[in-house]
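Nothing fancy with the numbering, it's 1 onward along the sequence. What you see is a predicted model; the values in this text were computed from it and never measured.
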Amino acid sequence: MYITAFVNRDELFDLATRWLAGDLQAGDGRFATEAFTFESLISAPTALMLAHKIGQVVAQGPIRTERVRNKDTVRRRLVETIAESTPRIRELYQCYQNNPRDYFPQTPADITLAYSADGRLVGMTRIKRTQRIAEKVSRRISDRLAGHINQTAIEIARQRAEKAHLPLEALISSIDEMSSDFEEAERRVARAFSEGLTFSPEELRIDDIVGFKFVGSDRQLELIERVLLNTPNVSLVERELHRGQYNDTNILVDINLPSKEEILQRAKELDPRQVARRGLEPKHFQRDLAAYLERGRDTFRAEFILTSCEELVESEFGRSIHEERILEQRRKLAYRGRIAHNARYIIEYLLHFAVSPEIAINQIPFAMDGRYLPDTFNQQINRLFGIDADSPLFDDYLMQVASKA
């Protein structure tokens, strides 16, 4: 997990890869907590201020923002703010209004919508949810290991063939034998994590923890891009045109941080209770933040997406609905076995731990070579937040009555 939006991405990557290998070190819990707390004061506000400035260019004046927590609200706002200007948009809106339950109701999200003074939608900020980050890391790991697991299974079959004095091509394996070979291959590859199997930062790089999307005409989008790339302290990393099911311009930029003094001054505005809720000591917050800044980079990465109203409507109601793209990604996974599940459990547990009241961790509750039910994962997350979701169906009194019968 190499989050390029963080100034301390290298330390976080090292921690995540060590946890995948089952290597827990003193201070891991504190660092994870600090990283996700401090970055909300370091990189996020800097990027948001830049996005706000660009939004004003589109709006030609001040903008109003609204933070929403589900996609239902996003879709309602699109209907309210983007006019039914074409037959296609009218058709899509009508389909939505006729069958709203077809559009993945109650999908959780963390999105901030930005409007011009006349109520026109000019853009949005999306913060990727914990589960989606973990799923993305898991998918990268799956893609990287699928071939390795298959080759290991072939080697195990080859060893069976040699024992039978047969070439591999002549070996006839039952379904049970092939399944057993694959399970053994999984176990060997999973064990390899604790024996030194690792990843490069590039293989687990995530650029889009926070993404900014701007909506406008071709002329407005050209102006946005020009303003973005001509902004001091902003440098272009990558520009990619997406053409097909969904059309947009995707731009990655590196943004220079403001001075350490400015960031520390910004931190003084933070409510101390927010720090305490994460298990950190408010009285040491400025000192610890300063130390964190000293260890980090001077830049972080942000994603900017430029698209038209028509394409935005298509992405929520039409040919490229985001939730359908997520399901399609899951269907196309080359590998869905225990290693993929366990990688997601470990990374998602790390992310939940970082925002929980806990700051000390004695044991990583999942291992790459283990077998776990989703119930076990949910139980561990509940425990982080002090939630008792394990209440028995019948209480002890009923059990006592039954024992006397």
Side-chain angles (χ1 to χ4, degrees), residues 1 16-24 104 130-200 202-206 323-352 363-383 389-390:
M1 186 171 60
T17 52
R18 282 195 291 98
W19 279 31
L20 291 172
D23 179 10
L24 177 67
F104 304 93
T130 299
Q131 184 179 359
R132 295 288 295 126
I133 297 171
E135 188 174 10
K136 190 164 190 174
V137 173
S138 171
R139 190 165 66 245
R140 298 277 177 83
I141 291 173
S142 297
D143 291 343
R144 160 87 151 71
L145 295 181
H148 189 19
I149 294 169
N150 286 333
Q151 282 301 118
T152 303
I154 290 171
E155 182 57 34
I156 292 170
R158 190 188 311 279
Q159 292 168 2
R160 287 197 295 108
E162 289 175 357
K163 288 181 180 179
H165 305 290
L166 292 171
L168 178 62
E169 298 75 18
L171 181 68
I172 299 175
S173 300
S174 67
I175 292 176
D176 286 345
E177 286 172 322
M178 289 188 289
S179 179
S180 177
D181 289 347
F182 190 82
E183 289 175 4
E184 176 58 24
E186 277 190 310
R187 279 190 287 271
R188 291 185 187 182
V189 174
R191 285 196 297 269
F193 278 89
S194 60
E195 297 166 359
L197 175 65
T198 188
F199 301 90
S200 69
E202 197 62 25
E203 287 174 312
L204 299 185
R205 192 184 87 186
I206 302 177
E323 290 87 342
E324 290 182 346
R325 281 182 276 154
I326 291 173
L327 293 176
E328 183 64 18
Q329 288 173 348
R330 292 172 180 171
R331 282 193 292 267
K332 288 183 176 180
L333 281 176
Y335 167 71
R336 298 188 182 90
R338 74 161 75 179
I339 295 176
H341 287 294
N342 293 342
R344 185 175 69 80
Y345 288 157
I346 292 168
I347 296 300
E348 191 168 348
Y349 184 83
L350 189 164
L351 296 170
H352 280 294
Q363 180 183 17
I364 303 167
F366 306 100
M368 292 296 281
D369 60 351
R371 299 182 70 187
Y372 310 97
L373 286 173
D375 313 55
T376 307
F377 174 76
N378 293 335
Q379 181 187 61
Q380 291 293 334
I381 299 303
N382 287 334
R383 286 177 177 172
D390 302 321

Carboxylate-amine/guanidinium proximity below 4.0 Å for Glu328 and Arg325: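 Judged by the 4.0 Å cut-off on N to carboxylate O distance, Glu328 and Arg325 do not form a salt bridge.
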Salt-bridge contact Glu323-Arg330 (side-chain N to carboxylate O under 4.0 Å):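 Looking at Arg330 together with Glu323, the answer is no, because their closest N to O distance does not fall below 4.0 Å.
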The single option from Arg139, Glu324, Glu135, Lys136 passing side chain to side chain contact (heavy atoms under 4.5 Å, CB included) against Gln329: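 That would be Arg139.
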Show the nearest heavy-atom pair for residues [X] and [Y], with the distance to one decimal.
{"X": "Val189", "Y": "Ile339", "answer": "CG1-CD1, 3.7 Å"}
{"X": "Ile206", "Y": "Arg140", "answer": "N-NH1, 4.4 Å"}
{"X": "Ile149", "Y": "Ala185", "answer": "O-CB, 3.5 Å"}
{"X": "Ala16", "Y": "Ile347", "answer": "CB-CD1, 4.0 Å"}

Side-chain donor or acceptor of Ser138 paired with backbone N/O of Ala134 under 3.5 Å: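 The answer is no, because no donor-acceptor pair under 3.5 Å joins these two groups.
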Pair Leu20-Thr198, side-chain contact (heavy atoms from CB on, under 4.5 Å): steps then yes or no: CA-CA 9 Å; Leu20 291 172; Thr198 188; over 6 Å; no
Parallel, tilted or perpendicular: ring planes of Phe366 versus Phe377, cut at 30 and 60 degrees: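 It falls in the tilted class, 30° to 60°.
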Over 12 non-hydrogen atoms of neighbours within 6.0 angstrom of CZ in Arg331: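 Yes, because the 6.0 Å sphere around CZ of Arg331 holds more than 12 heavy atoms from other groups.
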More than 12 heavy atoms of other groups within 6.0 Å of Glu195 CD: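 Enclosed: over 12 neighbouring heavy atoms sit under 6.0 Å from CD of Glu195.
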Any side-chain heavy-atom pair of Leu373 and Thr376 under 4.5 Å: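 Contact flag for Leu373/Thr376 side chains = yes.
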Minimum side-chain heavy-atom gap Gln379-Arg383 below 4.5 Å: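 Yes, their side chains come closer than 4.5 Å.
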Of all pairs that satisfy ring-ring contact (aromatic ring centres under 6.0 Å, His included), the ones with a partner from residues 149-198, not counting sequence neighbours: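 Checked against ring-ring contact (aromatic ring centres under 6.0 Å, His included) - neighbours excluded - the pairs reaching residues 149-198 are Phe193-Phe199.
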Spatial distance of atom CD (Glu203) from atom CZ (Arg144) [nearest 0.5 Å]: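 Atom-to-atom, Glu203:CD and Arg144:CZ are 4.5 Å apart.
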Derivation and outcome, side-chain contact (heavy atoms from CB on, under 4.5 Å), residues Arg187 and Arg338: CA-CA 9 Å; Arg187 279 190 287 271; Arg338 74 161 75 179; 4.0 Å; yes
